[in-house]
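Notes for the one structure printed next.
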Amino acid sequence: MRFLKRLLPNIYIGLVLFFLYLPIAVLIVFSFNKIPKSFNWGGFSIDNYARLFQGSDGGQLLDALLTTLKIAAIAAVVATVFGVISCLGIAYLRKRFQNLIMNVTYIPNIMPELVLGIAFMLLFSFLNIQKGELTLILAHIAFCVPFAILSISPKMKQVDKSLSEAAMDLGATQWQTIRLVIIPEIMPGILSALMLTFTLSVDDYLISAFNVDSSIQTLPMVIYSQTKLGVNPKLNALTTILFIVIFALLLLSNLSSLKKDSKKAKS
Amino acid sequence: MSQLKARISVMPLHAIVMCLSALLSLVGMFVPMFELYVQYKKQRVYSLFSLLINPRVHVQLRQTSVNLDFQMFGAWIFTISIILSVAALTLALGFQLYSDNKKKKSFGCFSVMILLLARLGMHVVTLSGFISEKMLLDNNLTDKTLYVAQGLFGNVLFVVLFLGIIASLYGALGLKFTMKQLSYPYIIWIVLFTVLPLLLIIFRAFFANNNGTYRFTMDGFKHLVEGRIIDTTFYGFKIHVQMYFSTFLTSLDYALWTTLGCFAIGYPLAYILAERTKRAHKTSSKLLLLFVLPMWMNTMLRTYAWRAFLSETGVFNNFLIAIGAANQPIAFLEPGSTTIDIVIKLVMISDFLPYMILPTYSVLVKLDSNLSQAAADLGANRFQTFSRVIFPLSLPGVISGIQMVFMPSMTFYMIPDIINPSGITVGKQIEMVILGESTKLQQAGNAMSLILLIFVIISMGILRNQDKEAGSGGMTI
């Protein structure tokens with residue numbers, strides 16, 4: 001009985017993991033499928049990996065991947081830099097004003113992406129900006145900035161104000177104080193903001209769908225259009241590779257943190 | 001040299017921005033930033049410098065070829081731009097590094113501002129002046145089929161120059177920098193990208209765009225109300241409802257079940273994980289990572305994999321036949337059947353589950369384990385401890401989980417759409433009409449967006465109130 005009681009949570013965890021990873025397993029298996037555009041099994045082949053970016057379908061995939069990465073990189077960097085600057089300023093505002101701004105920052109965060117996408121679309125049509133690459137990038141930045149601020153501002157709150165005052169008393173200019181005292185303190189927040197905004201932008205479909213013309217296609221848009229006609233197994237292969245890369249990165253960062261922990265424990 | 005270094009290190013922020021902007025205005029001439037389009041096809045990307053080296057362009061199109069000649073234009077625009085940029089850069093650096101007089105410094109900033117303004121003007125003139133009347137006439141083209149657009153770097157230069165002008169204005173006025181001022185751009189940003197878009201949703205629901213002028217109309221709402229009455233079945237009941245309302249009902253049904261399912265599966269799981277983390281510190285927080293990892297796999301592809309798994313020729317049916325549980329393939333995904341509804345809800349639960357587990361876990365793991373001990377000491381049994389102590393204290397996490405699941409699952413229309421392409425949900429409906437051609441339907445789409453926005457605000461308001469009550473309830477215990 002006691003044995004069962006201890007086993008039960010493990011079984012439960014196993015079942016939920018099975019439920020979560022089943023589609024991923026199917027996806028990975030189908031990346032080795034021989035016949036294109038079908039969910040029937042047509043035999044094993046590694047052709048999808050070997051000729052990933054070759055042929056016209058591969059070319060489209062490469063284009064979409066590069067566009068997605070480019071837009072995500074721009075959006076993440078701009079949103080994070082802007083977020084850092086804003087957080088620095090917000091921390092020195094009066095308390096009441098600070099709360100007001102943070103509350104408004106939460107709005108886009110809890111709005112569904114659909115509503116945000118429509119809102120940005122209406123904004124661009126109001127400002128008479130043609131849909132295209134510019135609107136896509138602007139929409140992504142606009143969507144990422146609140147997330148960047150929300151992940152930096154908790155770190156900013158932890159920074160001791162007397163630290164920067166001490167730096168200034170010792171003769172540092174304001175710019176030096178920011179660069180040498182505050183930025184290193186909030187660095188973890190900045191890094192997590194970069195990661196978060198990048199992944200949000202890479203994964204986004206809804207906001208992109210409302211804010212581009214037909215000339216640009218991001219990876220999620222390619223995926224959505226292909227789910228209607230049958231997904232090319234190369235797409236599965238590409239996402240499998242991306243998934244493995246992310247998994248490896250997470251594993252590496254975890255291992256290094258584990259090592260740090262054990263070092264700390266030793267010392 | 002060391003003196004110079006010291007001077008650079010005490011340079012105020014606005015001066016640095018000004019100098020960088022002036023530098024980029026010079027470098028920008030060698031960076032490709034103008035894109036030439038002939039009959040809607042991008043032909044070449046230019047920098048001012050590349051134009052100077054190679055002013056004659058020959059473009060081969062399908063039927064015709066086009067000869068373009070930028071010769072004189074490129075030469076004089078390059079000369080003026082380079083004079084302006086070099087002057088701006090020298091002044092910006094010179095006054096900042098070699099002058100101590102405050103008045104002189106602000107005069108320097110002022111002249112840099114004028115130069116940068118001129119450079120910005122030059123940039124705009126270049127864009128509009130690229131194509132001459134002669135080029136259009138010679139090649140039998142119109143200004144719609146032959147035009148120059150600004151590329152990515154052009155836009156960057158525009159922003160940089162604008163920042164430089166603001167920075168130099170700042171220096172010219174002799175304002176003193178305080179940290180507070182760093183938040184001003186964000187306040188403008190909030191107005192532009194948060195307040196204005198949401199107000200526009202309200203505005204556009206009532207006003208139709210008529211080639212730039214807006215006129216008041218209730219057409220959108222009229223269309224929504226006038227929509228056909230249709231017969232559908234809802235949980236076995238035959239009902240007779242308005243078309244758009246039935247769509248809304250379907251989405252609400254999906255969202256409610258998804259939220260409920262995520263809670264039912266996710267809460268026990270978060271509880272188990274939190275207990276483990278409390279007992280053995282290291283390994284179990286890594287276990288949490290396994291539940292977060294699926295979020296990095298594209299949702300739509302995962303959904304499609306479910307469809308492949310459950311299709312008539314899919315793995316699951318083959319498995320059922322192999323073990324003898326079914327004689328022939330079961331059509332789980334037959335449109336209109338009850339199984340497809342269940343499948344959609346299950347897939348949505350599987351997709352949104354991590355969003356429920358994470359916040360719940362992060363609250364549960366912070367709960368002091370002495371709390372349950374205290375409750376037990378005071379005579380509560382295990383069920384009472386859970387229902388009176390643990391659960392109320394974990395409500396904030398559950399509520400933020402619901403926030404992250406409920407509204408997105410209502411509007412993230414891709415999952416139901418991939419499983420059942422013939423079904424319609426609120427999000428798909430809005431996307432169809434708002435991106436469509438018909439202006440009347442677009443207006444209906446705007447009206448629908450407003451209704452959705454109101455629904456979002458109401459449900460968020462309810463959740464927030466609950467959150468506050470839960471918070472205070474937690475405090476009294």
Side-chain angles (χ1 to χ4, degrees), chain A residues 9 12-13 16-17 19-24 26-27 30 39-40 85-86 88-93 101 104-105 107-108 110-115 118-120 122-123 125-126 133-134 142 145 173-176 199 203 205-206 209-210 220 223-224 227-228 231 235-236 239 243 246-247 250 254, chain B residues 9-10 12-13 155 177 179-187 189-190 193-194 196-198 200-201 204 209 265 268-269 272 286 289-291 293-294 296-298 300-302 304-309 311 313-315 350 353 403 407-408 411 414 418 421 427 430-431 434 449 452-453 456 460:
Chain A
Y12 187 70
I13 289 176
V16 177
L17 278 179
F19 182 53
L20 283 177
Y21 280 88
L22 180 71
I24 295 177
V26 174
L27 203 156
F30 270 83
F39 38 68
N40 295 336
I85 294 173
S86 312
L88 285 174
I90 290 168
Y92 286 85
L93 285 175
I101 287 187
V104 182
T105 309
I107 294 176
I110 56 174
M111 282 285 150
E113 278 179 45
L114 178 76
V115 176
I118 294 169
F120 291 146
L122 293 180
L123 176 74
S125 93
F126 182 74
E133 197 178 24
L134 180 70
V145 163
T173 61
Q174 239 149 354
W175 170 232
Q176 278 174 324
T199 45
D203 218 31
Y205 169 77
L206 276 173
F210 283 98
I223 291 172
Y224 185 53
T227 53
K228 303 221 158 136
V231 168
L235 207 53
N236 285 0
T239 32
F243 187 68
I246 287 165
F247 186 69
L250 283 178
N254 259 302
Chain B
S9 71
V10 296
L13 190 64
N155 289 319
F177 171 77
M179 293 286 255
K180 246 198 235 174
Q181 286 161 356
L182 286 178
S183 70
Y184 295 166
Y186 183 57
I187 293 170
W189 178 273
I190 280 180
F193 282 102
T194 307
L196 187 61
L198 293 183
L200 273 174
I201 287 186
R204 285 302 299 276
N209 187 355
I265 298 176
L269 192 88
I272 293 170
K286 304 282 175 291
L289 210 64
L290 274 182
F291 290 91
L293 201 61
W296 270 291
M297 200 83 171
N298 188 285
M300 292 178 267
L301 274 181
R302 270 188 288 151
Y304 190 76
W306 274 112
R307 189 171 140 196
F309 181 72
S311 72
T313 52
V315 185
S350 142
L353 193 56
Q403 261 182 3
M407 273 331 288
T411 53
M414 282 78 86
I418 290 169
I430 291 181
E431 197 234 0
I434 229 172
S449 318
L452 188 64
L453 181 70
V456 171
M460 289 306 148

Q.
Taking salt bridge (charged side-chain N to carboxylate O under 4.0 Å, His left out) as the definition, give me every residue that meets it alongside Lys180(B), ordered by chain and number, with sequence neighbours left out.
A.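 With sequence neighbours excluded, Lys180(B) shows a salt bridge (charged side-chain N to carboxylate O under 4.0 Å, His left out) to no residue whatsoever.
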Q: Go through the structure and list residues passing salt bridge (charged side-chain N to carboxylate O under 4.0 Å, His left out) with Arg204(B), not counting sequence neighbours.
A: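 Partners of Arg204(B) by the salt bridge (charged side-chain N to carboxylate O under 4.0 Å, His left out) criterion come out as none, since no residue qualifies.
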Spell out, as yes or no, whether a donor-acceptor pair under 3.5 Å connects the side chain of [X] to the backbone of [Y].
X: Tyr205(A); Y: Ile223(A); result: no
X: Tyr224(A); Y: Met414(B); result: no
X: Tyr304(B); Y: Lys228(A); result: no

Does any backbone or side-chain atom of [X] lie under 4.5 Å from a heavy atom of chain B? Answer side chain, backbone, both or neither.
X: Ile90(A); answer: both
X: Thr239(A); answer: both
X: Leu27(A); answer: both

Which bit of [X] comes within less than 4.5 Å of chain A, counting heavy atoms only: side chain, backbone, both or neither?
X: Leu290(B); result: both
X: Gln403(B); result: side chain
X: Asn155(B); result: side chain
X: Pro294(B); result: both
X: Ile265(B); result: both
X: Ile418(B); result: side chain
X: Leu452(B); result: side chain
X: Thr194(B); result: side chain

Do you know which of [options] has the most heavy-atom pairs with chain B at a distance under 4.5 angstrom?
options: Val145(A), Asp203(A), Asn236(A); answer: Val145(A)
options: Leu134(A), Val115(A), Leu17(A); answer: Leu17(A)
options: Ile118(A), Val104(A), Leu122(A); answer: Leu122(A)

Q. If you count heavy-atom pairs under 4.5 Å with chain A, which of Ile430(B), Ile201(B), Val315(B), Leu353(B) comes out on top?
A.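 Maximum pair count with chain A is reached by Ile201(B).
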Q.
Looking at chain A, which one of Ile190(B), Thr411(B), Leu196(B) has the largest number of heavy-atom pairs inside 4.5 Å, strictly under?
A.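 Winner by heavy-atom pair count: Thr411(B).
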Calculate, to the nearest 0.5 Å, the distance between atoms [atom1] and [atom2] belonging to [X] and [Y] respectively.
X: Phe243(A); Y: Ile24(A); atom1: CZ; atom2: CD1; result: 4.5 Å
X: Phe309(B); Y: Arg302(B); atom1: CZ; atom2: CZ; result: 15.5 Å
X: Leu93(A); Y: Ile187(B); atom1: CG; atom2: CD1; result: 5.5 Å

Q) More than 12 foreign heavy atoms under 6.0 Å from CZ of Phe247(A): is that the case here? A)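 Check fails, neighbour count at 12 or below.
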(Q) Between Ser183(B) and Tyr92(A), is there a side-chain donor-acceptor contact under 3.5 Å, judged purely by atom types and distance? (A)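 No, no side-chain donor-acceptor contact under 3.5 Å.
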